[in-house]
Structures are given as structure tokens and as C-alpha cells.
S.K.: 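Quick one: this structure, given as C-alpha cells, is what I'll be asking you about.
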Amino acid sequence: MGVDLGDLLERENIEIKDLSGRWIAVDAFNTLYQFLSIIRQQDGTPLRDGSGRTTSHLSGILYRMTNLLEAGAKVAFVFDGDPPSFKRETLDQRAETRSRAEEMWERAKEEGLPGFKYAQASSRLGEEMIADSKRLLDAMGIPVVQAPSEGEAQAAFMAIRGDVDLVASQDYDALLFGAPKVVRNMAVTGKRKLPGKNVYVDVMPEVISLDKELSRLGIERRQLVEIGIMCGTDYNEGLRRVGPKTALKLIREHGDLERALMARCETIESAAEIRGLFLDPPVTDDYVIETKKPDAEKILRFLCDERDFSPERVDKAVKRLQEAVKVGQSTLDKWF
DNA sequence: CGCGAACA
DNA sequence: TGTTCGCGG
């Protein structure tokens with residue numbers, strides 16, 4: 001998913017407490033999808049309420065955001081609008097991959113074989129899950145921003161304007177959209193299980209700074225976008241046997257995408273339009289980000305009465321949340 | 001993933 | 001006080 005520029009970019013490890021006092025625009029789709037695919041039972045079934053509605057994402061939002069806010073961070077969630085037309089093929093492909101994974105999961109269950117990875121791959125973020133997420137975030141006092149198109153583009157725009165300090169996403173796309181700083185692995189606990197075996201590794205939050213990387217690589221943002229396009233994005237397939245390293249070499253050698261493609265006698269359909277989409281995406285300045293007090297009653301009613309969460313656990317989280325917001329506001333008061 | 005009980 | 005592990009919904 002997204003542009004795979006990981007091999008090209010240097011990251012700076014940080015700690016959650018370094019995010020204190022910072023505004024973070026969270027790529028909602030990316031984060032919720034992560035929750036949905038990872039917060040599951042041993043057999044791969046996501047957490048569900050009594051009526052069978054999925055609740056993994058709500059658990060993720062409640063506890064992780066409480067932790068972040070407790071660490072002093074300020075958070076806004078940015079939701080996707082309509083996908084660009086160029087994304088159609090990618091979306092169709094993902095739908096197909098999902099339904100194949102669904103079949104494999106069914107088969108694994110019938111034969112009593114482990115099917116966790118198929119369950120993960122069949123994750124689908126439904127409309128009701130999106131609505132539930134917005135409802136919980138609102139009750140928690142976390143601002144929700146609706147992007148006209150790509151959430152990462154909107155989040156990057158907010159960061160460029162200085163309304164937020166960082167964009168949070170596992171993908172690198174926000175950098176191509178111009179986000180000055182992207183934070184990845186924004187989890188609280190360090191240890192994470194490796195996909196394959198029962199091996200645990202330390203996963204630290206990390207920040208990638210766009211300007212720093214551009215000057216280190218000796219390229220401009222436009223060229224980084226072109227490197228992404230050569231490797232493949234959500235909007236195009238990319239050249240065969242060309243990864244980030246090769247693409248960087250080609251762009252350095254030839255200066256821009258058109259010349260690099262010409263030199264290799266290759267073409268990429270709609271390359272110029274896709275580059276334009278990254279450099280000047282549809283975004284809006286019609287958003288408000290301000291921290292509100294969490295509505296304890298709303299959170300408890302929703303999660304406990306409607307989604308079968310444990311009142312004890314939710315109550316505990318809500319108390320921490322209220323304390324975090326109170327502390328955050330009084331800290332702010334000291335400055336003004 | 002994150003919580004919290006159990007355990008060292 | 002720190003780590004492990006099963007459950008949460």
C-alpha cells in the first residue's frame with residue numbers, strides 16, 4: 001500500500017513523550033486499517049459486540065489516543081473523501097485480494113488450520129466502522145477533518161500551513177504530498193510481534209523529515225514524486241524491476257521523469273497527471289482543529305451500552321483522558 | 001494493539 | 001519494579 005520509499009529514507013527514532021505539545025494529523029484510514037487488521041483474536045476474528053459488529057478499531061482509538069493525549073500530544077483525525085479516478089484499478093485489485101483472502105480464511109477454518117494472516121488480509125473498513133470511529137473521536141474531543149479526496153494529501157496540506165506539526169501514517173505518501181514531517185510506528189508499547197514467527201522486535205516511533213531527506217539525496221520534492229511514480233504508487237504500477245534505489249539513480253542521471261523514461265524507451269500512463277496530483281492535490285482549508293473536553297457520558301453510553309465494552313475499562317480510560325486534557329489546557333494557560 | 005493479572 | 005501472556009468485544 002502506498003509508495004514504498006522505505007529503503008531510500010533515513011528516519012529518526014523518537015519517543016512518545018517527544019510528541020508532547022505537538023499537533024499530529026492522523027491519516028485515519030491508515031490507522032484504522034492497522035487497528036482492524038492487528039487487533040484480533042488467536043483465530044483471526046476481530047473483536048465484535050453482541051450483534052456481531054466489529055469493534056477492533058474502537059478499542060484501538062480509545063486506548064492509543066488516550067495514551068497519546070496523556071503524553072501531551074494534540075491529535076486530529078483526517079478522513080478520506082472521494083478517491084482520485086486514477087486509484088480505481090488499485091482499489092479493484094485490493095478488493096480482489098481481499099475476497100481471495102476471505103476464501104482462504106474460510107478454508108483454513110474448515111480444515112482447522114491457522115488462518116490469522118488470511119483474516120488480516122481480508123480486513124475491510126466498512127462505512128459503519130468509519131461512522132463509529134468519527135462518533136467515538138468526537139465524543140473524545142478529538143477533531144475530525146473531512147478531506148475532499150486523499151486524507152494524506154489533506155493532512156500534508158495542514159502540516160504545510162503550520163496548523164499541525166506532524167502527519168502520522170505508516171505510508172510514505174504524505175511526504176510526496178509535501179508533509180514536512182511524517183511520524184511512523186506511533187504506538188506506545190515498544191515490542192511488536194513479527195508477522196512470521198513468535199519473534200518480538202523493538203519498534204520505535206520514527207520521524208522522517210522531508211527537507212532533510214531531499215537535501216541529503218540532493219533532489220527536489222518534484223523529483224522524489226517522480227521516483228515514487230517510477231517505483232509505483234496507488235495511481236500507477238511503476239516500471240518493472242525498478243525500485244527506489246534504481247529510480248533515484250535514473251532521476252539523478254536524467255534530471256526528470258520524462259527524460260528518464262525516454263532514455264529507457266518506456267512510458268508510464270498518465271505520469272504527468274499523477275505527478276500533478278501529488279504536487280497539487282485537492283485539499284480544503286475548511287476545517288477546524290481545536291481540542292474539546294471529552295464527553296464521558298457519550299463515550300460510556302456508546303462503547304458500553306451499544307458496543308459491549310467493559311464499563312470498568314472504559315471508565316478508567318475516560319478518567320485518564322479527562323485528566324490529560326485538563327493538564328494540557330493548564331500547561332497551555334501558563335504560556336498565555 | 002493495549003490492558004491488566006500473574007509472576008519473577 | 002519489570003516482563004510475560006491471554007483476553008478484550
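Proteins come first, then strands; the chains are lettered A, B, ... in the order of their sequence lines, and each starts at number 1.
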S.K.: Which part of the nucleic acid, if any, lies within reach of A/R53 when heavy atoms closer than 4.0 Å are counted: base, sugar-phosphate only, or nothing?
M.R.: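 Contact class for A/R53: none.
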
S.K.: What's A/Q42 touching, base or sugar-phosphate or nothing? Going by heavy atoms closer than 4.0 Å.
M.R.: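 Nothing, no nucleic acid heavy atom in range.
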
S.K.: Roughly how many Å is it from CG in A/N185 to P in B/dG2, rounded to a whole number?
M.R.: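 These atoms are roughly 11 Å apart.
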
S.K.: May I have the distance from A/L58 (atom CG) to B/dC3 (atom P), rounded to whole angstrom?
M.R.: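 Atom CG in A/L58 sits about 16 Å away from atom P in B/dC3.
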
S.K.: Which part of the nucleic acid does A/S56 contact within heavy-atom distance under 4.0 Å: base, sugar-phosphate only, or nothing?
M.R.: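 Contact class for A/S56: none.
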
S.K.: From CG of A/D49 over to P of C/dG9, roughly how many Å is that when rounded to an integer?
M.R.: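 About 11 Å, once rounded to whole Å.
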
S.K.: Rounding to an integer number of Å, can you tell me how far A/I39 CD1 sits from C/dG6 C1'?
M.R.: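 Going from CD1 in A/I39 over to C1' in C/dG6 covers 15 Å.
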
S.K.: Quick one: sort the A/Y287 and A/F157 rings into parallel, tilted or perpendicular, breaks at 30° and 60°.
M.R.: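 The arrangement is perpendicular - the two ring planes meet at more than 60°.
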
S.K.: Does the side chain of A/E258 reach to within under 4.5 Å of the side chain of A/E226, using non-hydrogen atoms?
M.R.: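 With C-beta onward as the side chain, the pair touches.
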
S.K.: Could you give the CG-to-C1' distance, from A/L303 to C/dG8, as a whole number of Å?
M.R.: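 These atoms are roughly 12 Å apart.
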
S.K.: Do A/R100 and A/E103 meet the salt-bridge criterion of a basic N to acidic O distance under 4.0 Å?
M.R.: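 No, this pair does not count.
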
S.K.: Can you sort out the partners of A/E312 under side chain to side chain donor-acceptor pair (under 3.5 Å), two or more places apart, ordered by chain and number?
M.R.: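 Partners of A/E312 under the side chain to side chain donor-acceptor pair (under 3.5 Å) test: A/S310.
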
S.K.: Among C/dG8, C/dG9, B/dC3, find the nucleotide with the atom closest to the side chain of A/R48.
M.R.: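 So the nucleotide nearest the side chain must be C/dG9.
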
S.K.: Identify each atom pair where a protein N or O and an N or O of nucleotides 4-7 of chain B are less than 3.5 Å apart, giving names and distance.
M.R.:
from	atom 1	to	atom 2	distance (Å)
B/dG4	OP2	A/K316	NZ	3.2

S.K.: Let me know the distance between CZ of A/F35 and P of C/dG9, rounded to the nearest Å.
M.R.: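 In whole Å, C/dG9 P and A/F35 CZ are 16 Å from each other.
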
S.K.: In Å, rounded to the nearest 0.5 Å, how long is the span from CG of A/L214 to CZ of A/R221?
M.R.: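 So the CG of A/L214 and the CZ of A/R221 are separated by 9.0 Å.
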
S.K.: Atom CD of A/Q41 to atom C1' of C/dG9: distance rounded to whole Å?
M.R.: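 That distance rounds to 8 Å.
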
S.K.: Can you sort out the partners of A/D315 under side chain to side chain donor-acceptor pair (under 3.5 Å), two or more places apart, ordered by chain and number?
M.R.: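 Result, side chain to side chain donor-acceptor pair (under 3.5 Å) vs A/D315: A/K319.
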
S.K.: Nearest-Å distance, NE2 (A/H57) to C1' (C/dG8)?
M.R.: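 After rounding, the reported distance stands at 15 Å.
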
S.K.: So which nucleotide from C/dG9, C/dG8, B/dG2 ends up closest to the side chain of A/F309?
M.R.: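 Per side-chain heavy atoms of A/F309, the pick is C/dG9.
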
S.K.: Regarding A/T284 and A/D286, is there a side-chain donor-to-acceptor distance under 3.5 Å anywhere?
M.R.: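 On atom types as modelled, these side chains do not qualify, holding no pair under 3.5 Å.
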
